[in-house]
Structure formats: structure tokens, C-alpha cells
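These notes are about the structure you will find just below.
Heavy-atom basis, side chains included; hydrogens, waters and symmetry copies ignored. In each ligand, atom 1 is the first atom listed, and ligand 1 is the first ligand listed. This chain uses plain numbering: 1 for the first residue, then up along the sequence. Small disclaimer: the values here were computed from a predicted structure and weren't measured.
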Amino acid sequence: MGFFSVFLFLILCSFEKDIALAATSPEPHLLPHTTHTVEVNSLLPATTCTPSSTKGHTNNKASTLEVVHKHGPCSKFDKSSKTSTTKSDDKYHAQILKQDEARVNSIHSRLNYRIHDPFTQSAAATTLPAKSGLLLGSGNYLVTVGLGTPAKQLSLVFDTGSDLTWTQCRPCVRSCYTQSEPIFDPSLSASYKNLSCTSATCTQLSSAGIQQGCSSASSSCLYGIRYGDGSFSIGDFANEKFTLTSADVFEGFLFGCGQDNEGLFNGSAGLLGLGRNNISLVEQTARKYNRFFSYCLPSTSSSTGHLTFGNGGGSANGIKFTKLTTLSERASSFYGLGLTGISVGGRQVPVASSVFSSSGTIIDSGTVITRLPATAYAALRDAFREGMKNYTMTRPVSLLDTCYNFRGYKNVSYPGIAFGFGDGVTVDLDATGIFFVVSSSQACLAFAGNEDDSGFGIIGNVQQKRLEVVYDVAGGKVGFAPASCP
Ligand SMILES: *[C@@H]1O[C@H](CO)[C@@H](O)[C@H](O)[C@H]1NC(C)=O
Ligand SMILES: *[C@@H]1O[C@H](CO)[C@@H](O)[C@H](O)[C@H]1NC(C)=O
Ligand SMILES: *[C@@H]1O[C@H](CO)[C@@H](O)[C@H](O)[C@H]1NC(C)=O
Ligand SMILES: *[C@@H]1O[C@H](CO)[C@@H](O)[C@H](O)[C@H]1NC(C)=O
Ligand SMILES: *[C@@H]1O[C@H](CO)[C@@H](O)[C@H](O)[C@H]1NC(C)=O
């Protein structure tokens with residue numbers, strides 16, 4: 001069946017090409033493409049923050065938090081402007097891409113069953129059983145939530161690719177990195193409780209792929225999580241009052257109170273886990289929100305988006321739902337989608353849908369650049385370059401090999417890119433969801449290929465920009481609607 005459909009596909013492709021060629025011109029690069037136009041300036045962040053109108057609010061069914069990019073004028077962690085083209089700007093973008101590589105490697109290794117022991121180099125290893133090091137890493141979008149009694153405000157990176165919510169905790173027994181808000185101090189909270197290491201909840205950690213241990217002093221439950229880029233958090237697995245918005249407060253929320261935190265989380269107070277395992281925020285609040293949440297990631301770091309829990313009813317205009325899948329039992333934390341094709345400039349890129357379906361695809365808020373099976377990426381890149389012939393290519397950045405110099409242009413025309421899903425749903429990407437913009441002189445196609453066709457694809461956060469992405473986990477579907485935030 002696989003061979004036959006590929007064969008048929010190739011025949012159909014070449015047939016279609018012949019017709020198109022005959023009808024237009026003998027030169028394939030003159031085939032008509034539908035193009036879109038975007039102002040170059042709209043791809044770049046402004047120096048001041050323009051918050052969107054969807055500030056945090058609650059109606060009786062849903063609660064909304066404001067989403068900001070970790071770096072840029074809307075973040076309280078980053079007062080230096082990242083909008084000028086400087087050397088350090090290059091370094092900053094290169095670092096984002098390097099971390100992204102590490103995250104993707106760790107996700108792939110997690111699902112490829114290659115188990116490492118992440119704690120062998122850590123002094124804290126003595127208190128934690130050396131088991132699988134299941135690692136998932138940082139994202140770039142932050143929301144602010146409240147923890148404890150009285151509630152303390154903490155800005156956390158939200159991550160659909162991991163489950164455990166954690167924050168740095170005093171007294172920072174081993175280490176805390178610099179964060180801008182005061183570090184959470186459980187001794188000042190009336191509602192903080194350690195979990196016993198014999199509790200069933202403590203054993204749940206290992207089913208979420210998180211290391212679990214026991215404090216010899218207090219017999220309380222310890223967790224340890226190490227991310228792909230080498231960062232980690234180790235501490236007490238605890239219960240606390242969690243304030244999503246002033247109207248939505250959860251008692252006994254399970255979270256990690258990190259006493260040894262190191263790595264690249266700089267600035268944010270920790271991580272908000274929105275994965276599918278039962279210790280994630282989505283599962284812990286299932287009774288209230290019925291596993292329904294949505295977000296919109298802003299186009300640039302000078303605008304804001306939102307993260308909403310619960311189905312507020314008024315679902316976004318033009319929303320299209322596709323089936324939510326699970327790649328494997330091992331990958332049950334991840335949100336799988338049935339990606340089957342990609343179009344560039346309104347034309348399907350010539351890749352058999354079996355290339356996508358045999359490896360599978362997940363959607364992740366923490367991965368920056370979309371990863372595709374090698375064959376699919378090569379075809380996408382070729383089609384995109386064809387549609388961008390009018391522009392001068394420039395040097396690559398890290399894993400991005402298709403970059404353009406837009407300096408001197410007010411507007412640029414580009415071939416639109418759309419994802420196609422098995423159930424007939426197509427999702428058009430926003431212009432800001434196509435380019436990773438280092439500066440006006442270096443805007444790169446924000447896709448990369450996996451080493452081969454065996455690893456699964458990941459729909460990253462650049463591609464999700466400005467879309468309302470709706471996770472109806474109970475309904476088994478994920479929806480997309482266009483232009484839902486600035
Ligand atoms: C540039 O694009 C904007 C809309 O994106 C349009 O209003 C404007 O006319 C365009 N300018 C040129 C010179 O094409
Ligand atoms: C929680 O457990 C840690 C040891 O892991 C201990 O130092 C701390 O005092 C405990 N906190 C409470 C409130 O029991
Ligand atoms: C973390 O932030 C501090 C203070 O803002 C800064 O000095 C340090 O270089 C940062 N570290 C990393 C790894 O970004
Ligand atoms: C969470 O999942 C684990 C393993 O699948 C299971 O043993 C545990 O009972 C679950 N916990 C809850 C609260 O559903
Ligand atoms: C390239 O530029 C030419 C001349 O300005 C224009 O006619 C053509 O439509 C452009 N092609 C694309 C793909 O933008």
C-alpha cells in the first residue's frame with residue numbers, strides 16, 4: 001500500500017507538472033505562485049510594548065492570562081532593546097537556536113527510547129535514584145500566576161512539551177539562578193505542604209518521566225528534571241495553593257519547589273507544564289476546565305498574546321479542528337497531530353503523505369523552529385527558494401539555511417505556507433510564522449530538517465504565531481484560527 005501510493009503520487013505529480021508546464025511556459029520557475037505581501041517592519045519588534053486588548057480576564061467559564069515573549073519590550077526581564085542590529089543580537093539569536101537544537105534532540109531521544117542518566121554529574125545525585133533522564137526544555141513565552149498564601153506573583157515559561165510545573169524555592173539549598181521576581185519562599189506560605197515519599201502521588205512522578213527521590217531527613221518526596229540543554233531543577237515535590245487568576249484558585253496544586261536550579265531559565269521563575277500527563281496543569285485543573293485551553297503567541301516581542309483555560313464559548317472566528325493523536329505510549333505527554341502535507345504558494349510540495357505519517361508530528365509551544373522529516377524539508381525549502389527568487393540570499397544562521405536580506409525593502413512578497421492535515425484541514429501560517437528574523441538583513445525560513453525521515457516532526461512556536469491554537473483534549477482535537485492576536 002505504501003509503495004503503491006507513493007508510486008501513484010509520483011505519477012500524479014509529474015502529470016500535473018506537465019499540464020502546468022504546457023499551459024504556461026517551458027521554464028518551471030515561472031509557474032504561477034500565489035504570493036502574499038508583508039511590510040518588513042511588521043516582522044521586526046518595535047522598541048516599545050503595545051499590549052493587546054486581551055489582558056488577563058475571567059468570565060464564568062474561562063480564565064485568560066497575558067502572554068509575553070521572554071525577551072523584548074513587553075517582558076519585565078529584558079529592559080535592553082533587542083531591536084537594533086548588533087553583534088550581540090546575532091549572538092542572542094544564535095543562542096536561541098542552539099537551545100532549540102538541544103531541546104529537539106532531547107525530545108527525540110526521549111521518544112527514541114535512548115535513556116541517559118542525567119544525574120551522574122550532579123552533586124544532588126546522591127538523593128535521587130539514577131533512572132531515566134527524561135528531559136524537556138525551555139520555551140520562550142511567559143505567563144504570570146500566583147502561588148502560596150498569600151499569593152506571590154511568578155512569571156513562568158509555559159510549555160506544552162512538559163508536564164511538571166516548578167519554580168525556584170528558598171532557601172535554594174544548592175543553587176538558584178537570577179530571577180527578577182523574589183524567589184518563592186515556602187516558609188512564608190500558610191498553604192505549602194511537602195508530599196511524603198511513600199504517597200501514591202510521589203510515585204506518579206516516574207510515570208511522568210521525572211526522577212523521584214526521598215529526602216533522608218524528612219522522608220519527603222523529591223523530584224529531579226533535567227532538560228536537553230543541560231539545565232535542570234531538583235527539589236521538593238509539594239502541594240500549594242495555585243492562583244491562575246483572582247477568580248480561579250486551586251488548592252493542593254502539585255508542583256516542584258526547586259532547591260537546585262541551574263541553566264538557561266534565566267529571568268523566569270520556572271516552568272508551567274501543559275503536557276498531557278496527569279501531573280500537568282491541564283490534568284490537575286481538568287474538573288474546572290475539562291482539559292480545554294488555548295493560546296495565541298504574539299507576532300513579535302513588542303506585542304502580547306494570551307493563554308486561556310476553559311472554553312469561554314465564543315470560539316475564534318474561522319477555527320478549524322484536526323484530530324489530536326498520540327505518537328506512542330512513550331510519547332503520551334505530547335500533543336500529536338496528523339500532518340500529511342505542506343503547501344508553498346498554494347501548491348502542494350511534492351512529498352508523499354506517508355513521509356509525514358510514518359514518522360508522525362507533534363505540536364509544541366517550547367520548540368522554536370518547526371522540524372520536518374529530511375525529505376519533506378528539502379522539498380519545502382526548494383519550493384520556497386523558488387518563490388523567493390527575487391530576493392538576495394544571505395548567510396545561514398545555525399540550522400537555518402534559507403535566509404534573505406530584506407534591507408532597503410519596505411514590503412516583501414513571499415509564497416504563503418500552509419500545513420495540511422489528514423482530515424482535510426489546512427492551516428495558513430501568518431507571515432511572522434514563516435520567517436525567523438534576526439534583522440532586516442537576515443530573515444530566514446523558520447523550518448529545519450531532521451537528520452533523516454525516521455524522527456517525527458515538531459510544529460514549533462514560530463509557526464504558531466498569531467494563530468489561536470485551541471486544545472480540546474477531552475474532545476480529542478486541536479483547532480487553529482487565524483490572526484487572533486497582534
Ligand atoms: C505594502 O504593503 C501594505 C500592506 O501590507 C500596503 O498597504 C502597501 O500599499 C504596500 N506598499 C507597497 C509599496 O507595495
Ligand atoms: C520540606 O522538605 C524539605 C526537605 O526536602 C525540608 O527542608 C523542609 O523543611 C520541608 N518543608 C516543610 C514545610 O515541611
Ligand atoms: C542571567 O542574568 C544575569 C542578570 O540579568 C546575567 O548577568 C547573566 O549573564 C545571565 N545568564 C545567562 C546564562 O543568560
Ligand atoms: C496518574 O497516572 C499514573 C500512571 O498512569 C497512575 O498510576 C495514577 O493513579 C494517576 N494518578 C491520578 C491522580 O490519576
Ligand atoms: C519578481 O519581480 C518581478 C519584477 O518586479 C515581478 O513581476 C514578479 O512578480 C516578482 N516575483 C515574485 C515571485 O515575487
Side-chain angles (χ1 to χ4, degrees), residues 117-136 145-154 156 162-179 181-227 230-244 249-263 265 268-273 277-281 284-285:
D117 171 9
F119 286 100
T120 46
Q121 274 132 36
S122 165
T126 49
T127 59
L128 287 158
K131 238 189 88 198
S132 61
L134 299 168
L135 4 128
L136 291 175
V145 297
L147 194 69
T149 312
K152 293 288 175 356
Q153 297 293 296
L154 299 170
L156 306 177
S162 60
D163 299 303
L164 178 72
T165 296
W166 63 263
T167 187
Q168 302 199 97
C169 277
R170 293 217 175 277
C172 299
V173 172
R174 277 186 200 273
S175 168
C176 285
Y177 55 77
T178 319
Q179 73 177 50
E181 291 147 335
I183 292 173
F184 184 73
D185 186 344
S187 73
L188 301 179
S189 170
S191 44
Y192 178 89
K193 278 194 207 74
N194 282 333
L195 287 167
S196 141
C197 48
T198 54
S199 67
T201 317
C202 185
T203 20
Q204 240 173 270
L205 280 174
S206 46
S207 74
I210 297 160
Q211 290 207 324
Q212 170 209 333
C214 192
S215 152
S216 46
S218 60
S219 298
S220 61
C221 184
L222 303 177
Y223 75 93
I225 186 159
R226 180 175 282 247
Y227 299 86
S231 21
F232 61 86
S233 175
I234 299 170
D236 299 303
F237 189 46
N239 266 164
E240 184 51 291
K241 188 155 109 182
F242 181 79
T243 305
L244 203 54
V249 178
F250 300 88
E251 307 284 345
F253 182 75
L254 298 168
F255 82 110
C257 200
Q259 298 290 348
D260 186 5
N261 315 278
E262 289 173 36
F265 300 104
S268 76
L271 203 119
L272 193 68
N277 184 280
N278 61 9
I279 60 160
S280 82
L281 175 64
Q284 290 196 57
T285 60

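Summarising the geometry, atom CZ belonging to Arg226 is positioned 15.0 Å from atom CD1 belonging to Ile210; distances are rounded to the nearest 0.5 Å. Within the model, atoms CD of Glu240 and OG1 of Thr149 stand 5.5 Å from one another, a figure rounded to the nearest 0.5 Å.
When hydrogens are left out, the protein atom nearest atom 13 (C) of ligand 2 is Tyr192 CD2, 3.8 Å; that is the closest non-hydrogen contact. With hydrogens left out, the protein atom closest to atom 12 (C) of ligand 2 is Asn194 ND2, 3.3 Å, a heavy atom.
Atom 9 (O) of ligand 2 lies below 4.0 Å from none of the non-hydrogen atoms of the protein. For atom 5 (O) of ligand 2, the nearest protein heavy atom lies under 4.0 Å away.
In this structure, Gln259 contributes its side chain and Arg170 its backbone to a donor-acceptor pair below 3.5 Å.
Listed by atom number, the atoms of ligand 2 under 4.0 Å from Ser220 heavy atoms are 2 (O), 4 (C), 5 (O). Close approach to Ser215 involves these atoms of ligand 2, each under 4.0 Å from a residue heavy atom: 4 (C), 5 (O).
Side-chain N/O atoms of Ser233 and Tyr223 include a donor and acceptor closer than 3.5 Å.
Heavy atoms of Pro186 come nearer than 4.0 angstrom to ligand 2 in no pair at all.
Among the atoms of Asp236, some N or O lies under 3.5 angstrom from an N or O of ligand 2.
For a disulfide, the SG atoms of both cysteines must be under 2.5 angstrom apart; this holds for Cys197 and Cys214.
A ring-ring contact (aromatic ring centres under 6.0 Å, His included) with Phe242 is found for exactly one of Phe255, Phe253, Phe184, namely Phe253.
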